[in-house]
Amino acid sequence: MIRIHVRYPLGDGRIVLRTDRDWEADVEPADVEENHQCTLFELPEDGPFVYFKPVLLGEEGLRWSVGANSLAFPSDNGPFEVYPYFDGDASCSACSVHRLLDPETGDHHDYRVFYPPGYAENGLRRYPVVYMQDGQNLFFPEEAYQGAHWRVAETLALLDDMNLLQQVIVVGVYPGDRTEDYTLPGYERYGRFLVEHLKPRIDAEFRTLPAPERTAVMGSSLGGVVSLYLAWEHPAAFGMAACMSSTFGWKDDLLERVASEPKRAVKVYLDSGWPSDNFEVTRNMRERLLDRGFHEGVDLCYFAFPRALHNESSWAMRLHIPLQHFFGQRPVASHPH
């Protein structure tokens, strides 16, 4: 049996499903919670997977949910959770630039917040958060270095269409002095700013899942260095760190700390290109983490990309990998009886 929970704040009307077994036939719910915010469907296992779409039946007639069809598998992991929305959402959350004062220095950091389409309409969902360094390079080519940006919104939309990812909120933080903020000793102050001021604001203003196991930091080059520092120094805030093409060993002491300090309860993603993309120091960091007790495929993931360059276009091409590693939806097939 494939069990599906459709979570939507119903006013009038009711939710049914349409599936690829017959797109013209309504699948009626097996149950509706008393508050009408969760509708449960049970589909027979007629195949290894099923595509489906929630449909809202109300005074305006039949309304299909927006976006690609959802994909569900028979699973031992409990019901498949889906949070539909039915109004088109062309808003650009990342278009707004926010500013927050660092009271320790009197300076400020700008940041952008991306949240997925449908965020405003369906208020039942809460989201993991990724704090990304070099916020100027993430969303818009006109402000990115040499006009190349990471295509964060586009990548998240594609992964959602492919049913590969839990949707996330992304906070793109702009550095002040990049070298100061991302290296020793400046990243100590920058880390305190994120933990004590920015993260509490984001958790207060947005529907986040604030626990460390649902909160990641990510960056490239020096941004990868500070991302590992943040998770190593503040594991109670950041439980995952993605470090791409990181310049480990240049104005930081992370190799020494990893080698000598107790293992942190965090997940780490490391990668680099080759040649001339910090391949050697990234391999060295991987070995130190393995020596410290990290396990490949469990709390450590490492890749090297031949001929990948040290630039935004290369990082954009592989952004989907750490996102899937941290937030991927991995269906588990039911065991035969």
Side-chain angles (χ1 to χ4, degrees), residues 130-152 154-155 170 172-187 190-191 216-233 240-259 266-292 294 296-297 299-326:
V130 186
Y131 291 84
M132 296 185 67
Q133 320 307 328
D134 290 308
Q136 72 280 0
N137 292 328
L138 303 180
F139 298 105
F140 304 108
E142 58 269 22
E143 67 178 11
Y145 180 69
Q146 294 186 339
H149 69 302
W150 282 47
R151 303 195 300 274
V152 170
E154 294 88 338
T155 298
V170 175
V173 187
Y174 290 61
D177 182 317
R178 189 173 185 273
T179 302
E180 171 70 15
D181 287 342
Y182 293 171
T183 63
L184 184 70
Y187 58 31
Y190 177 69
V217 281
M218 184 182 300
S220 62
S221 193
L222 288 177
V225 172
V226 72
S227 294
L228 183 58
Y229 164 78
L230 289 166
W232 195 262
E233 181 67 20
M240 297 169 281
C243 315
M244 305 167 81
S245 307
S246 305
T247 57
F248 295 122
W250 186 78
K251 297 185 68 174
D252 72 83
D253 61 355
L254 292 175
L255 286 163
E256 294 80 8
R257 291 189 64 182
V258 168
V266 298
K267 293 182 179 180
V268 178
Y269 169 92
L270 300 174
D271 76 16
S272 73
W274 186 90
S276 303
D277 190 38
N278 297 314
F279 170 77
E280 297 82 2
V281 293
T282 301
R283 284 290 300 268
N284 192 10
M285 179 59 78
R286 174 202 182 209
E287 297 306 314
R288 299 288 179 92
L289 289 166
L290 290 172
D291 289 343
R292 183 46 57 208
F294 284 78
E296 199 92 56
D299 51 7
L300 176 63
C301 183
Y302 166 79
F303 288 103
F305 297 90
R307 298 191 178 92
L309 302 178
H310 193 86
N311 59 29
E312 274 65 34
S313 295
S314 291
W315 298 320
M317 284 291 293
R318 58 188 196 253
L319 170 63
H320 68 96
I321 302 174
L323 288 174
Q324 290 186 71
H325 179 59
F326 292 152

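Remember, it's a predicted structure, so these values are computed and weren't measured experimentally.
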If you measure from the Lys or Arg side-chain nitrogens to the Asp or Glu carboxylate oxygens, is any gap between Asp134 and Arg178 under 4.0 Å? yes
Kindly indicate whether the side chain of Leu323, heavy atoms from C-beta on, has any atom under 4.5 Å from the side chain of Met218.
yes
Between the OH atom in Tyr182 and the OG1 atom in Thr247, the distance rounded to the nearest 0.5 Å is 11.5 Å
Would you say Ser245 and Asp277 are linked by a side-chain donor-acceptor pair, where the criterion is simply a distance under 3.5 Å?
yes
Between Met317 and His320, the two heavy atoms sitting closest are O-CD2, 3.2 Å
Margin query: Please check this pair: side chain of Glu296 against backbone of Tyr302, looking for a donor-acceptor N/O pair closer than 3.5 Å.
Written below: yes
- prompt: How far apart are the C-alpha atoms of Arg151 and His149, what are their side-chain angles, what is the distance that settles it, and do they pass the side-chain contact (heavy atoms from CB on, under 4.5 Å) test?
  reply: CA-CA 6 Å; Arg151 303 195 300 274; His149 69 302; 3.7 Å; yes
*asked:* Parallel, tilted or perpendicular, judged at 30° and 60°: which one describes the rings of Tyr229 and Tyr187?
replied: parallel
* Flag, side chain of Ser314 to backbone of Ala308, donor-acceptor distance under 3.5 Å -> no
Partner of Phe248 under side chain to side chain contact (heavy atoms under 4.5 Å, CB included), picked from Val258, Leu228, Asn284, Asn278, is Leu228
Got Val130 and Val152 here, is their nearest side-chain heavy-atom distance under 4.5 Å? no
Any side-chain heavy atom of Leu138 within less than 4.5 Å of one from Trp315? no
| Evaluation steps, side-chain contact (heavy atoms from CB on, under 4.5 Å), between Met240 and Tyr269 | CA-CA 8 Å; Met240 297 169 281; Tyr269 169 92; over 6 Å; no
What one should report as the nearest heavy-atom pair of Ser227 and Gly219 is OG-N, 3.3 Å
Residues Thr179 and Thr183: closest non-hydrogen pair is O-OG1, 2.5 Å
Determine, stepwise, if the pair Leu319 / Met132 fulfils side-chain contact (heavy atoms from CB on, under 4.5 Å).
CA-CA 11 Å; Leu319 170 63; Met132 296 185 67; 4.2 Å; yes
Nearest heavy-atom approach of Asp299 to Val266 is CB-O, 3.6 Å
Can you check whether Tyr190's main-chain N or O pairs, donor with acceptor, with Asp181's side chain at less than 3.5 Å?
-> no
* Asked: Do Pro175 and Glu180 come within less than 4.5 Å of each other through their side chains, counting heavy atoms only?
  -> no
Taking every heavy atom of Ala304 against every heavy atom of Phe279, the minimum-distance pair comes out as CB-CE1, 3.8 Å
Margin query: The test is side-chain contact (heavy atoms from CB on, under 4.5 Å); show your working for Gln133 and Leu222 and say whether it passes.
Written below: CA-CA 9 Å; Gln133 320 307 328; Leu222 288 177; over 6 Å; no
Shortest non-hydrogen pair, Cys243 vs Gly224, comes out as SG-O, 3.4 Å
Between Ser221 and His310, do the side chains contain a donor N or O and an acceptor N or O under 3.5 Å apart? yes
For the backbone of Leu255 and the side chain of Arg288, can you confirm whether one donor and one acceptor N or O come within less than 3.5 Å of each other? yes
For the residue pair Arg286 / Ser272, report whether a side-chain donor-acceptor contact shorter than 3.5 Å exists.
no
So CH2 of Trp232 and CZ of Arg257: to nearest 0.5 Å the spacing works out to 8.0 Å
Separation between CD1 (Ile321) and SG (Cys301), nearest 0.5 Å, reads 7.5 Å
Worksheet entry | Donor-acceptor under 3.5 Å (Asp271 side chain, Phe303 main chain) | no
